[in-house]
Amino acid sequence: MPVSDQSILLLGGTTEAAELAQILNAQGFPVTTSLAGRTANPSPVDGNVRSGGYGGVEGLSAYITQQNIALIIDATHPFARQISANAQQAADQTRCPLIRLERASWQQQSGDKWQLIQSEEAAARLLPAGARAFLGLGRQHIAPFQACDDVHFIMRMIDPAEVALPRHHEIILAKPADYEAEYDLLRQYKITHLVCRNSGGNASYEKIRAARDLSIEVLMIERPKPVAHHVVESTDAVLAFVHSFFISVLRSTC
Ligand code: NAP
């Protein structure tokens with residue numbers, strides 16, 4: 001679809017954002033994907049990519065104006081609340097439309113042994129002495145466990161941690177895997193507790209299924225409420241919005 005000289009800012013860092021970048025680029029929409037720039041080797045993304053923070057709401061507002069951004073798609077991770085809040089505020093300031101893609105949460109099923117909690121700090125308090133805990137949290141979220149001297153941790157992360165670690169720990173540098181691998185890992189390390197965030201989506205769900213089948217207790221960190229005004233759950237809903245938005249832009253310029 002031919003579009004005006006305005007472009008789309010796609011706040012990314014997720015599988016869904018990469019998928020949207022691929023489809024929108026293939027359809028001829030001018031899209032720039034924005035990444036935080038924290039991962040050493042990020043997965044490749046189609047089209048224009050910019051990396052690094054904006055310096056808060058004011059910096060993002062300035063970017064939106066300078067780059068003639070017509071539409072913001074916030075497809076960041078459900079727990080990346082700071083950038084989402086900044087994006088909505090900057091969108092309001094600049095009167096730029098924003099659509100938030102937030103994948104559905106995982107729902108507890110029969111056989112799951114979940115305890116719903118609000119934070120990593122709560123998880124650290126609840127882990128009993130002698131537990132063998134698997135942390136599927138990412139390196140920037142493990143600091144609250146540092147003082148848990150009586151728990152043995154298996155920590156999986158993509159890049160090495162840069163914070164002080166608890167006394168008893170093993171680190172696995174890897175991404176989430178398929179069901180069989182997750183099942184074997186939880187069993188091999190004799191995991192008694194799994195600590196994770198309710199991220200939703202398929203990519204990291206297999207460890208939850210494996211925990212269910214192994215009767216492992218899960219300390220499930222609930223996600224904060226979205227701050228965006230317009231929230232959808234699927235990439236299809238975002239694409240439909242983008243199409244109708246640019247059709248109305250073209251109509252208004254004819
Ligand atoms: P956050 O706490 O919400 O954001 C912290 C700051 O990082 C923001 O204020 C912004 O800096 C910068 N930032 C974050 N995302 C950005 C983006 N897409 N483009 C440009 N700047 C960005 O974010 P986070 O939880 O650290 O996550 C960082 C990125 O990793 C996100 O893009 C997210 O989609 C992705 N990710 C996060 C998780 C998770 O568990 N949180 C999991 C998978 C992927 P300024 O204020 O300077 O603009």
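Both counts, for ligands and for their atoms, begin at 1 and track the order of listing.
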Kindly check if the number of other-residue, nucleotide or ligand heavy atoms within 6.0 Å of CG (N202) is above 12?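 At most 12 heavy atoms, drawn from other residues, nucleotides or ligands, come within 6.0 Å of this atom.
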Do [X] and [Y] have side-chain heavy atoms sitting under 4.5 Å apart?
| X | Y | answer |
| --- | --- | --- |
| R223 | E102 | yes |
| H229 | D92 | yes |
| K207 | R156 | yes |

Which atom of T14 lies closest to which atom of A75, heavy atoms considered: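 Closest pair (atom of T14, atom of A75, distance): OG1-O, 2.6 Å.
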Please find the pair of heavy atoms, one from V151 and one from A133, that lie closest to each other, and give the distance. CG1-CB, 4.0 Å
Tell me the protein heavy atom at minimum distance from [atom], and give that distance in Å.
| atom | value |
| --- | --- |
| atom 7 (O) of ligand 1 | R38 NH2, 2.8 Å |
| atom 41 (N) of ligand 1 | R197 NH1, 3.7 Å |
| atom 1 (P) of ligand 1 | Q82 CB, 3.7 Å |
| atom 35 (C) of ligand 1 | G13 O, 3.8 Å |
| atom 46 (O) of ligand 1 | G56 N, 3.1 Å |
| atom 48 (O) of ligand 1 | Y54 N, 2.6 Å |
| atom 47 (O) of ligand 1 | G55 N, 2.8 Å |
| atom 32 (O) of ligand 1 | G12 O, 2.9 Å |

Between ligand 1 and L35, can you find any atom pair, the residue atom being a heavy atom, that is separated by under 4.0 Å? yes
Sub-4.0 Å heavy-atom approach of G52 to ligand 1: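 True for this residue.
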May I ask which of H77, R50, E16 has a heavy atom nearer to atom 37 (C) of ligand 1 than the others do? H77
Run down the list G53, S51, A80 and name the one with the heavy atom closest to atom 27 (O) of ligand 1. A80
From the list I73, V238, T76, I72, side chain to side chain contact (heavy atoms under 4.5 Å, CB included) with R100 holds only for T76
Counting from 1, what ligand 1 atoms have a heavy atom of [X] closer than 4.0 Å?
| X | result |
| --- | --- |
| N86 | 9 (O), 46 (O) |
| T76 | 18 (N), 32 (O), 34 (O) |
| R81 | 3 (O) |
| S34 | 17 (C), 18 (N), 19 (N), 20 (C) |

Would the H230 and F241 ring centres measure less than 6.0 Å apart?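 Yes: the rings meet the under 6.0 Å criterion.
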Check whether the ring centres of F134 and H152 lie less than 6.0 Å apart, and answer yes or no.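 Ring centres of H152 and F134 not closer than 6.0 Å.
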Go through it in stages, so that I can follow the logic: the residues are F153 and Y189, the test is side chain to side chain contact (heavy atoms under 4.5 Å, CB included), and I'd like the CA-CA distance, side-chain angles, deciding distance and then a yes or no. CA-CA 10 Å; F153 290 96; Y189 284 95; over 6 Å; no
